[in-house]
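Here is how names work: the chains are called A, B, and so on, in the same order as the sequence lines, proteins then strands, and each is numbered from 1.
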4 protein chains.
Amino acid sequence: MIILDLNAADERPIYGQIADRVRFAVAGGALRPGEMVPSVRDLSKQLVVNPNTVARAYRDLQAEGLLESVRGMGLQVAEGAVERCREARREMVRQRLRRVIDEARQGRMDPAEIEAIFHEECRRAAAGENGAAGPGRGHV
Amino acid sequence: MIILDLNAADERPIYGQIADRVRFAVAGGALRPGEMVPSVRDLSKQLVVNPNTVARAYRDLQAEGLLESVRGMGLQVAEGAVERCREARREMVRQRLRRVIDEARQGRMDPAEIEAIFHEECRRAAAGENGAAGPGRGHV
Amino acid sequence: MIILDLNAADERPIYGQIADRVRFAVAGGALRPGEMVPSVRDLSKQLVVNPNTVARAYRDLQAEGLLESVRGMGLQVAEGAVERCREARREMVRQRLRRVIDEARQGRMDPAEIEAIFHEECRRAAAGENGAAGPGRGHV
Amino acid sequence: MIILDLNAADERPIYGQIADRVRFAVAGGALRPGEMVPSVRDLSKQLVVNPNTVARAYRDLQAEGLLESVRGMGLQVAEGAVERCREARREMVRQRLRRVIDEARQGRMDPAEIEAIFHEECRRAAAGENGAAGPGRGHV
DNA sequence: GTGGTCTAGACCACG
DNA sequence: GTGGTCTAGACCACC
């Protein structure tokens with residue numbers, strides 16, 4: 001069964017984080033169309049969270065058409081979900097990047113400085129994934 | 001007088017948006033040390049926002065040491081503010097970029113795709129600043 | 001053997017849909033008094049449904065007096081069933097129509113609009129039964 | 001302030017009934033774009049229902065784009081809502097009528113009988129609206 | 001004052 | 001076993 005976890009430092013609503021984990025799992029191929037997601041009760045135990053909170057995440061995903069219910073059995077990933085998740089993921093990233101860029105430029109920040117920071121952070125992320133502590137900014 | 005505006009689509013707290021606008025204005029040189037910021041009442045009218053909300057933004061900026069009260073006159077930008085704002089601006093941008101990158105990678109998105117989107121959006125922002133409608137992504 | 005099928009899009013309980021199909025089959029003459037209904041196992045395979053679900057539908061129909069068990073043989077359609085099913089069918093249709101009409105009027109919908117929609121849908125149904133794709137509303 | 005009420009005999013989920021009341025109120029003109037809906041707390045008291053239940057109805061309506069939040073102030077009817085509600089109401093009625101008609105015909109019911117029942121019920125509804133007890137089927 | 005999140009726990013229908 | 005509804009009540013941020 002797929003393992004999901006939460007990042008305690010994330011201040012977004014828990015149900016939103018859960019939904020995003022599922023979206024990313026589908027986009028990344030860890031959860032395939034037709035596959036069942038963990039039951040509300042199981043996942044709520046796994047995440048140490050109230051079942052209602054998981055149920056809300058699942059409900060939102062259902063409304064989005066990403067999950068569909070199999071009566072009496074649980075919820076499964078819908079057929080067209082992978083493509084939609086990939087697209088959603090891409091647009092989410094695009095929208096957030098756009099907002100940062102727009103605000104930085106509006107604050108008269110040098111475009112070259114923005115790009116420099118972006119590449120620094122990309123390197124940091126890549127390093128953090130390969131070795132335990134790569135170069136760049138070690139802390140945080 | 002300095003002109004500030006808000007983006008209604010931004011879901012962050014309004015007081016935070018206002019404070020950020022002031023920080024960016026100082027970092028960008030639009031507001032200089034010793035200069036007075038608009039009064040709470042004026043700014044609240046200008047932004048069509050509750051005066052309490054503006055007051056809270058100013059309160060936060062005061063606590064931060066960025067604004068100082070001049071008895072009977074209002075609030076002015078503090079002396080050392082510019083450098084601190086530039087630093088704050090840089091770190092704010094860095095932190096937000098980092099978060100987007102981290103979450104995208106965590107969702108197993110291809111790093112090259114992330115960079116591609118970033119550069120697309122940079123070009124779009126640059127185009128939007130020069131001409132009214134440059135190349136790139138026309139809509140939005 | 002009588003062929004029944006289910007509409008996956010129907011959100012009513014499956015056991016109720018099955019029972020209704022049987023009622024309508026009796027009312028329409030496709031199942032005659034004295035005739036045996038498919039066994040629980042056969043029907044559950046035919047419908048790709050849990051046997052318990054079929055069993056529950058049959059149980060309800062038995063309680064209603066529409067089916068009677070023949071020891072060791074299964075269930076057969078009861079003698080007086082046809083008339084009762086016709087009546088049940090009529091009342092079921094009436095009740096559902098009434099509900100739609102009542103709610104539409106309660107929502108201040110123009111009565112003429114309701115009738116217009118009804119007749120459109122009647123024509124559509126008639127067309128769909130005669131030719132594969134008649135006039136009216138092609139899509140669904 | 002707009003008065004909403006619930007029909008205790010309705011077995012649909014309460015939150016759905018509340019949402020429908022709002023939709024119909026908007027479609028019927030009782031609630032106009034820009035107008036505020038009752039606060040969650042007020043409406044929950046008015047309907048003798050848990051605030052969470054009202055909140056869920058409002059949340060669904062927000063997701064639908066029918067309501068939009070005015071921060072710190074409450075929820076108001078969105079601009080384009082009226083047309084969308086009318087359309088939604090029409091399609092809801094159409095879909096439900098279609099289902100009844102389809103199932104009745106599939107059960108080999110005489111089309112003329114279906115129409116007869118429909119018109120009977122239309123007359124009944126019209127009568128029930130004008131006089132307290134018109135002709136037709138008095139009870140129920 | 002507003003909406004929103006989360007928890008806890010009960011109850012239900014369905015399969 | 002599954003999801004879904006509803007209640008009750010706490011706590012939060014925002015305006």
Rounded to whole angstroms, how far apart are [atom1] on [X] and [atom2] on [N]?
X: D/Leu61; N: E/dG3; atom1: CG; atom2: P; value: 13 Å
X: C/Asn50; N: F/dG3; atom1: CG; atom2: P; value: 16 Å
X: D/Arg12; N: E/dC12; atom1: CZ; atom2: C1'; value: 18 Å
X: A/Asn52; N: E/dC11; atom1: CG; atom2: C1'; value: 13 Å
X: D/Asp10; N: F/dT5; atom1: CG; atom2: P; value: 14 Å
X: D/Glu68; N: E/dG4; atom1: CD; atom2: P; value: 13 Å
X: A/Arg71; N: E/dG15; atom1: CZ; atom2: C1'; value: 10 Å
X: C/Asp60; N: E/dC14; atom1: CG; atom2: C1'; value: 13 Å

>> Tell me whether D/Glu35 at atom CD has more than 12 heavy atoms from other residues, nucleotides or ligands lying less than 6.0 Å away.
In response: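 Yes, CD of D/Glu35 has more than 12 neighbouring heavy atoms, counting only those of other groups under 6.0 Å.
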Exercise. Determine whether more than 12 heavy atoms belonging to other residues, nucleotides or ligands lie under 6.0 Å from atom CD of C/Gln95.
Key: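 Counting neighbours around CD of C/Gln95, 12 or fewer heavy atoms of other residues, nucleotides or ligands fall under 6.0 Å, so no.
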> Which nucleotide, in any strand shown, forms a Watson-Crick or G-U wobble pair with E/dC6, with both distances under 3.5 Å?
Replying inline: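 F/dG9 is the nucleotide pairing with E/dC6.
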Report the base-pairing partner of F/dC14 (Watson-Crick or G-U wobble, both distances below 3.5 angstrom), or none.
->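 Partner of F/dC14: E/dG1.
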Using a 4.0 Å heavy-atom cut-off, does [X] contact any base of the nucleic acid, only the sugar-phosphate backbone, or nothing at all?
X: A/Tyr58; value: nothing
X: D/Gln62; value: sugar-phosphate
X: D/Glu11; value: nothing
X: D/Arg41; value: base
X: D/Ser69; value: nothing

Has [X] got a side-chain N or O lying under 4.0 Å from the OP1 or OP2 atom of [N]?
X: C/Thr53; N: E/dC14; result: no
X: B/Tyr15; N: F/dC15; result: no
X: D/Arg56; N: F/dT5; result: yes

Would you call D/Arg99 and D/Asp102 a salt bridge, taking side-chain N to carboxylate O under 4.0 Å as the test?
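Result for this pair is no, no salt bridge flagged.
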Charged N-O contact under 4.0 Å between B/Asp5 and B/Arg21 |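 Salt bridge flag = yes for B/Arg21 with B/Asp5.
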Starting at the 5' end of DNA chain F, which residue's closest nucleotide do you reach first, D/Ile14 or A/Val40?
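Result of the comparison: A/Val40.
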On DNA chain F, check which nucleotide each of D/Pro13 and A/Leu75 is closest to and give me the residue with the more 5' one.
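The answer here is A/Leu75.
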query = With no hydrogens and no angle check, is any side-chain donor or acceptor of B/Ser44 less than 3.5 Å from a backbone partner on B/Val40?
reply =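 A pair under 3.5 Å: yes.
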| Toward the 5' end of DNA chain E, by each residue's nearest nucleotide, D/Arg59 or D/Ser39 |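 Upstream on the strand: D/Ser39.
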Practice task
Check whether any side-chain heavy atom of D/Leu97 lies under 4.5 Å from a side-chain heavy atom of C/Leu97, and answer yes or no.
Solution key: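 Yes - at least one pair of side-chain heavy atoms lies under 4.5 Å apart.
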